[in-house]
Asks: 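Sharing a structure, written as structure tokens. Questions coming.
These numbers were taken from a predicted model, which means no experiment stands behind them. As the structure lists them, so they are numbered: ligands from 1, and atoms in each ligand from 1. This chain uses plain numbering: 1 for the first residue, then up along the sequence.
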Amino acid sequence: MSALKLPDFQLQAGTMAFLEKHPKSLFINNEWVAAQSGKSFETRNPATGDVLAEVALASEADVDAAVSAARAAFNGAWGQTLAGDRAALLFKLADLIDEHADVLAELETLDNGKPIRVARRGDLPYVTKHLRYQAGWADKIEGSTVPVTFPNQFVYTRREPMGVVGAIIPWNFPLLMAIWKLGPALTAGNTLILKPAEQTPLTALYLADLVKIAGFPAGVVNVLPGPGQPTGAAMAKHPDINKIAFTGSTEVGRKIMEAAANSNLKRVSLELGGKSPNVIFADADVSSAIRGAQWAVFSTAGQECVAGTRLFVERAAYDQVVEGLKTQVEKMVVNHGFAEKVHVGPVITEQQMTRVVGYIEDGKKAGAEVITGGNRVENLGGGYFVQPTVFAYQDDGISIVTDEIFGPVAAVTAFDDWDELITRANDTMYGLAAGVWTRDIGKAHRYAHAVQAGTVWINGYGMIDPAAPFGGYKQSGFGREMGKEAIDLYTQVKTVWVNTQ
Ligand code: NAP
Ligand code: MG
């Protein structure tokens with residue numbers, strides 16, 4: 001397979017064995033089964049454009065089968081499992097993921113394109129940290145007693161699972177996104193149907209084997225690879241799925257809500273896109289702020305929901321920041337994820353590359369100044385590489401400033417005063433994240449309170465932790481993942497009245 005002829009990297013035997021021998025089919029009721037339609041799709045290596053695997057495509061009938069299995073597990077053994085036993089299984093799964101981390105990291109780099117160093121040191125450790133953190137909540141999901149106004153009534157609440165949860169996830173952190181959903185969903189006692197993104201199904205398939213080895217009862221976790229249509233859409237409208245946990249674009253989030261509204265009013269939680277403002281005040285530690293701003297945009301080749309793509313710089317520091325950013329960004333190496341030196345890998349697909357380059361061209365036409373980059377990278381074989389690009393702009397209405405590009409493109413502008421800054425920073429339909437760099441602690445907090453975003457970083461950017469709630473304001477979605485709030489997202493409250501008379 002030419003996708004595996006990487007010039008300077010020897011893949012693990014386990015990675016090769018998975019690619020060559022594992023059935024890339026549907027995981028339903030702890031079995032690998034063929035797609036009922038017999039259809040399949042290809043997943044590619046974005047660094048080469050080569051096909052990595054042919055994967056079974058789940059259609060409506062397969063979704064039905066998975067829902068039946070998940071429902072039976074919820075009504076059966078899993079529904080009776082004690083909290084501590086659920087936690088033990090999840091800890092076991094975390095241990096297995098750690099044991100298989102090297103192979104999982106390689107599969108992530110092959111399927112998604114991200115640097116192997118990032119997959120190994122970033123994605124994989126965070127996957128198991130998150131899983132263990134969530135599993136720790138299993139036996140701490142408490143209700144309360146309620147002092148009502150009626151006499152002789154003992155009232156208490158229980159937090160109960162929702163039932164069958166559907167998870168629909170994107171391709172930028174494939175395994176991590178799967179675990180963000182699986183962790184709290186199973187901790188809270190739900191069963192799960194996971195649809196990985198069609199661009200990156202491999203680690204979800206590998207995970208399914210580990211789920212089985214860990215000893216989860218059949219039907220608790222089902223994995224259905226396939227595209228948004230028909231697989232994701234069939235889940236969103238399914239009358240026996242109780243909740244959809246979605247991470248992806250605002251456009252698709254809207255469709256999921258519509259499908260939920262028009263079917264069984266299933267619960268929906270949405271983690272959507274962003275166009276996050278990152279602000280550098282002139283009193284900041286400017287060199288740290290420049291490095292922070294650089295990684296805020298260019299990690300994961302700009303394909304992060306929290307990417308700090310709108311950089312606001314106080315005028316007194318503007319020239320210094322633009323110059324510093326140009327110098328730093330020009331040192332970044334664009335290469336395939338297994339290369340010895342690489343900072344920016346490929347974008348996910350040819351279509352995404354065309355879209356990103358289209359935005360860059362729009363930016364140029366709209367009069368924004370290219371500070372650095374501005375083109376695709378042509379000399380790296382068949383991969384989908386784009387130069388890290390920084391634009392300077394004045395007009396807040398142009399598409400590189402208003403739209404989520406989801407590629408390595410930053411837009412930097414100067415501001416003069418507080419009111420202007422806050423108005424412009426909040427002038428977006430999104431509200432996922434924001435950053436601010438200043439040595440003035442009062443100003444930092446004032447900004448953190450004024451900006452409409454679910455997460456704000458002061459003198460840093462991009463940290464996400466299993467314990468820290470994460471989610472959007474405005475059209476960046478609703479619901480908070482991570483922290484105890486993630487458990488709230490996967491449970492419902494029941495109130496029980498007891499007449500003690
Ligand atoms: P996307 O196009 O919205 O896809 C997300 C998932 O939804 C994929 O699994 C996709 O399937 C599926 N899907 C597509 N159409 C559907 C439909 N009609 N019904 C049900 N499911 C459907 O997003 P993406 O391009 O993969 O990911 C990029 C987006 O995700 C960005 O907007 C980014 O900001 C956002 N994101 C947000 C967060 C966060 O935590 N807030 C994190 C990461 C990414 P296929 O793609 O397989 O067809
Ligand atoms: Mg792929």
Asks: Any idea which part of E198 is under 4.0 Å from ligand 1, heavy-atom wise: side chain, backbone, both or neither?
Replies: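 Both backbone and side chain.
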
Asks: Tell me whether the Mg ion (ligand 2) has P201 as a neighbour, meaning an N, O or S atom of it below 2.8 Å.
Replies: no

Asks: Considering the heavy atoms of T247, write down every atom of ligand 1 situated less than 4.0 Å from one of them.
Replies: 5 (C), 36 (N), 37 (C), 38 (C), 39 (C), 40 (O), 42 (C), 43 (C), 44 (C)

Asks: Can you list the atoms of ligand 1 that are under 4.0 Å from a heavy atom of F470?
Replies: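 Numbered from 1, ligand 1 contributes 40 (O).
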
Asks: Which atoms of ligand 1 have any heavy atom of I256 under 4.0 Å away?
Replies: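 Going through ligand 1 atom by atom, the ones under 4.0 Å from I256 are 20 (C).
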
Asks: Tell me if the aromatic rings of H100 and Y206 count as close, with their centers under 6.0 Å from one another.
Replies: yes

Asks: Checking a contact table here: which protein heavy atom is nearest atom 27 (O) of ligand 1, and how many Å away?
Replies: P170 CB, 3.4 Å

Asks: Are R159 and D488 ion-paired here, with the side-chain N under 4.0 Å from a carboxylate O?
Replies: yes

Asks: Which residue owns the protein heavy atom closest to atom 18 (N) of ligand 1, what's the atom, and how far is it?
Replies: K255 CD, 3.7 Å

Asks: For atom 12 (C) of ligand 1, grab the closest protein heavy atom and report residue, atom and distance to one decimal in Å.
Replies: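 Of the protein heavy atoms, I168 CG2, 3.6 Å lies nearest.
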
Asks: Counting heavy atoms only, which of S249, G166, A236 comes nearest to atom 23 (O) of ligand 1?
Replies: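 Looking at heavy atoms only, the winner is S249.
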
Asks: My understanding is that only one of P225, P196, P23 makes a side chain to side chain contact (heavy atoms under 4.5 Å, CB included) with L205; could you say which?
Replies: P225

Asks: Nearest 0.5 Å, what's the CE-CD distance between M482 and E271?
Replies: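 Between atom CE of M482 and atom CD of E271 there are 6.5 Å.
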
Asks: Would you compute the distance between atom CD of Q199 and atom CD1 of I348 and round it to the nearest 0.5 angstrom?
Replies: 6.0 Å

Asks: From the options F406, F246, F173, select the one whose nearest heavy atom is closest to atom 7 (O) of ligand 1.
Replies: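 Comparing heavy atoms across F406, F246, F173, the nearest one to atom 7 (O) of ligand 1 lies in F246.
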
Asks: Under a 4.0 angstrom heavy-atom cut-off, which atoms of ligand 1 come close to L432?
Replies: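 Every atom of ligand 1 under 4.0 Å from some heavy atom of L432: 41 (N).
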
Asks: Between E258 and K255, is there a side-chain N and carboxylate O pair less than 4.0 Å apart?
Replies: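 So E258 does not pair with K255 through a salt bridge.
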
Asks: If we set the cut-off at 4.0 Å for heavy atoms, which region of Q199 has an atom near ligand 1: side chain, backbone, both, or neither?
Replies: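 Under 4.0 Å from ligand 1, Q199 contributes side-chain atoms alone.
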
Asks: Counting heavy atoms only, which part of T250 comes closer than 4.0 Å to ligand 1: side chain, backbone, both or neither?
Replies: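 Answer for T250: neither.
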
Asks: Is it true that W180 and F173 have ring centroids separated by less than 6.0 Å?
Replies: no

Asks: Can you confirm if the NZ or CZ of K24 lies within 45° of the ring axis of F18 and under 6.0 Å from the centre of its six-membered ring?
Replies: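 Yes; both conditions hold, so K24 lies above the ring face of F18.
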
Asks: With a 4.5 Å cut-off on side-chain heavy atoms, are T15 and L107 touching?
Replies: yes

Asks: For M235, run the side chain to side chain contact (heavy atoms under 4.5 Å, CB included) check against E60, K266, K195 and tell me which one passes.
Replies: K195

Asks: Give a yes/no answer: is there an N/O/S atom of Q199 under 2.8 Å from the Mg ion (ligand 2)?
Replies: yes

Asks: Evaluate R132 against D98 for salt bridge (charged side-chain N to carboxylate O under 4.0 Å, His left out), listing each step before the verdict.
Replies: CA-CA 11 Å; R132 293 191 176 103; D98 277 344; 2.8 Å; yes

Asks: Hey, which atoms in ligand 1 end up nearer than 4.0 Å to a heavy atom of G226?
Replies: 47 (O)

Asks: Checking a contact table here: which protein heavy atom is nearest atom 9 (O) of ligand 1, and how many Å away?
Replies: I169 O, 2.8 Å

Asks: By number and element, which atoms of ligand 1 are closer than 4.0 Å to a non-hydrogen atom of A197?
Replies: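 The atoms of ligand 1 under 4.0 Å from a heavy atom of A197 are 9 (O), 47 (O).
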
Asks: For atom 25 (O) of ligand 1, what is the closest protein heavy atom, and at what distance to 0.1 Å?
Replies: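 Protein heavy atom at minimum distance: W171 NE1, 3.3 Å.
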
Asks: Decide whether R424 and T413 meet the rule of one side-chain donor and one side-chain acceptor closer than 3.5 Å.
Replies: yes

Asks: Tell me the protein heavy atom at minimum distance from atom 39 (C) of ligand 1, and give that distance in Å.
Replies: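 Going by distance alone, atom 39 (C) of ligand 1 is nearest to C305 SG, 3.2 Å.
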
Asks: Parallel, tilted or perpendicular: which one describes the rings of W32 and F27, with boundaries at 30° and 60°?
Replies: tilted

Asks: G232 heavy atoms, cut-off 4.0 Å: which ligand 1 atoms fall inside?
Replies: 19 (N), 20 (C), 21 (N)

Asks: Nearest protein heavy atom to atom 41 (N) of ligand 1, by residue and atom, and its distance?
Replies: L272 O, 2.8 Å

Asks: Calculate the angle formed at the Mg ion (ligand 2) by OD1 in D111 and OG1 in T43; 10° precision is enough.
Replies: 60°

Asks: Which residue owns the protein heavy atom closest to atom 13 (N) of ligand 1, what's the atom, and how far is it?
Replies: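 For this ligand atom, the closest protein heavy atom is G228 CA, 3.4 Å.
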
Asks: Measuring to protein heavy atoms, does anything land under 4.0 Å from atom 4 (O) of ligand 1?
Replies: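 It does not: no protein heavy atom is found less than 4.0 Å away from atom 4 (O) of ligand 1.
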
Asks: Answer yes or no for K243 and Y490: cation-pi contact, defined as NZ/CZ to six-membered ring centre under 6.0 Å and angle to ring axis within 45°.
Replies: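 Output yes; distance and angle both within limits.
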
Asks: Given side chains that start at C-beta, do those of V356 and P408 come closer than 4.5 Å, heavy atoms only?
Replies: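 Heavy-atom side-chain distance check passes, below 4.5 Å.
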
Asks: Aromatic ring centroids of Y461 and W295 under 6.0 Å?
Replies: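 When the ring centroids of Y461 and W295 are compared, they turn out to be at least 6.0 Å apart.
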
Asks: One residue to check: E404. Relative to ligand 1, which of side chain, backbone, both or neither has a non-hydrogen atom less than 4.0 Å away?
Replies: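 Within the 4.0 Å criterion, E404 contacts ligand 1 through side-chain atoms alone.
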
Asks: For ligand 1, indicate whether the residue V252 contacts it via side chain, backbone, both or neither (heavy-atom separation under 4.0 Å).
Replies: side chain

Asks: Between the candidates G477, G253, G248, which shows the shortest non-hydrogen contact distance to atom 29 (C) of ligand 1?
Replies: G248

